[in-house]
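Numbering starts at 1 and runs along the sequence shown. Because the structure is predicted, anything quoted here is derived from the model rather than measured.
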Amino acid sequence: MRKNGSRGMAAPVRGTERAPRRRRALNQQERTAAWVMVLPALIFMAAVLAFPLIWSINLSFTDKVVGADYEYIGFKNYLDLLSNAQFQNAMRTTLIFTVLAMLFKTVFGVILALLMNMRFRGRNLVRALLIIPWSLPNIVSVLNWKWIFSTHGGAVNEILKQLGLIDKSIAWTSTAALAMFVVVVVNVWRGSPFIGISVLSKLQTIDTSYYEAAHLDGANAVQRFWHITMPSIRNALIVAVLVSTIWTVNEFELVWVITGGGPAMATELLSVFSYRTVLTYRTIGVAAAVPIILMPILLILIGQVSKFKNESM
């Protein structure tokens, strides 16, 4: 028997001492490799996103005018905008446009997803065609729609004449209601596929046995939709709607090309108002303050996107 009990303990194996060191070394190498691979993307984002954002925030606190030096004037641009009638009109117009467009995009997007989830011949081809409105360059689709709603020779007027619904051409962008109708239609046409595709991807993960069991229990199609489909697609639908809302609030090309914000500023969104401020008054500082005012709202929407996206995973 050994007198000292500690001497009787087995000596630690060298391999077990080295294992944690090797793991730490491997972890450090992985972290280094990860930073090396991510660094170019971070530099790109800083150059393309962060720097212009910081520069815009800086300009919004100045009296910067095109071709002249500037001085810092604090929150004067923001206070002037909040009391500006044209800015208030642009806020209302943006809200109306966004609500109308998102309402119809959500409804049509869900309908498209449900239809594309059904089994029929040529389904894959139809799904591919569904992506076209969303994947086309925005300016290309907008120019086509401008021709479609053109007063002279436009496709819509010609079709309505052939059907005997109208005798003379309609000037689709001549009144506030018609102009808003046109820009909403174009935005819905372009944005519905995104929501449809997002919901469709979630629909395909639902176990069909749920529907079979509900059918055996006597549930009709509407009940199966509300109690099985909607809870399953809820988070995916919310994420798609939030992302599409952010894009809709920032819409510019569509309105600028088709209506130019008219008639009488009836379709002048905040993005158009900001652009027109630079063109008309050359006041870059005021124009830069317009999107900054929207930033808190957009940050809230982005935060909600992250929240529901994590919950849906």
Taking every non-hydrogen atom, the tightest pair across [X] and [Y]:
X	Y	value
S198	A236	O-CB, 4.3 Å
A288	S56	CB-O, 3.6 Å
F225	P231	O-CD, 4.4 Å
A266	T93	O-CG2, 3.3 Å
G261	V272	CA-CG1, 4.2 Å
R190	P133	NH1-O, 3.0 Å

In the hydrophobic clustering that connects Ile, Leu, Val, Met, Phe, Trp and Tyr at side-chain heavy-atom distances below 4.5 Å, which members other than V278 occupy its cluster, ordered by chain and number? none
Would you call [X] and [Y] a side-chain contact if the rule is heavy atoms closer than 4.5 Å?
X	Y	result
V65	Y281	no
T267	F97	no
I54	N58	no
I170	F149	no
W145	L254	no
L82	F75	no
S271	N250	no
M116	V199	no

Could you state the interatomic distance from [atom1] ([X]) to [atom2] ([Y]), rounded to the nearest 0.5 Å?
X	Y	atom1	atom2	result
I73	D80	CD1	CG	7.5 Å
L270	L95	CG	CG	10.0 Å
L130	F194	CG	CZ	12.5 Å
L81	K76	CG	NZ	10.0 Å
M102	N187	CE	CG	8.5 Å
I131	L136	CD1	CG	11.5 Å

Test of understanding: clusters of I, L, V, M, F, W, Y form through side-chain heavy atoms closer than 4.5 Å, transitively. Do [X] and [Y] belong to the same one?
X	Y	value
V99	M91	no
I148	L165	yes
I302	M295	yes
L39	V48	no
L298	I238	yes

Counting distance only, does the side-chain N/O of [X] pair as donor-acceptor with the main-chain N or O of [Y] below 3.5 Å?
X	Y	result
T62	G285	no
N157	G153	no
R127	I197	no
N84	Q86	yes
R276	G260	yes
S83	L79	yes
T173	A179	no
Q223	N220	yes
S192	V188	yes
N89	M265	yes

Looking at [X], I'd like to know if its [atom1] atom is crowded, meaning that more than 12 non-hydrogen atoms belonging to other residues, nucleotides or ligands lie closer than 6.0 Å.
X	atom1	answer
D69	CG	no
D167	CG	no
F104	CZ	no
F44	CZ	no
W247	CH2	yes
E71	CD	no
F252	CZ	yes

Between M230 and L237, does the side chain to side chain contact (heavy atoms under 4.5 Å, CB included) criterion hold? Intermediate values first, please. CA-CA 9 Å; M230 278 304 295; L237 177 60; 4.3 Å; yes
Out of the candidates L100, T98, V243, only one should pair with T248 under the side chain to side chain contact (heavy atoms under 4.5 Å, CB included) rule; please name it. T98
Would you please classify the geometry between the Y275 ring and the W256 ring as parallel, tilted or perpendicular, with 30° and 60° separating the classes? perpendicular
Stepwise, does the side chain to side chain contact (heavy atoms under 4.5 Å, CB included) test hold for Y210 with S232? CA-CA 11 Å; Y210 295 146; S232 300; 5.8 Å; no
What residue pairs, at least two apart or across chains, pass salt bridge (Lys or Arg N to Asp or Glu O under 4.0 Å) with a residue in residues 139-157? none
Could you go step by step and tell me if I258 and V186 meet the side chain to side chain contact (heavy atoms under 4.5 Å, CB included) rule? CA-CA 10 Å; I258 294 179; V186 179; 3.9 Å; yes
Side chain to side chain donor-acceptor pair (under 3.5 Å): which pairs involve residues 282-291, sequence neighbours left out? none
Hey, mind stepping through W189 and F108 against side chain to side chain contact (heavy atoms under 4.5 Å, CB included) and telling me if it holds? CA-CA 9 Å; W189 173 84; F108 289 138; over 6 Å; no
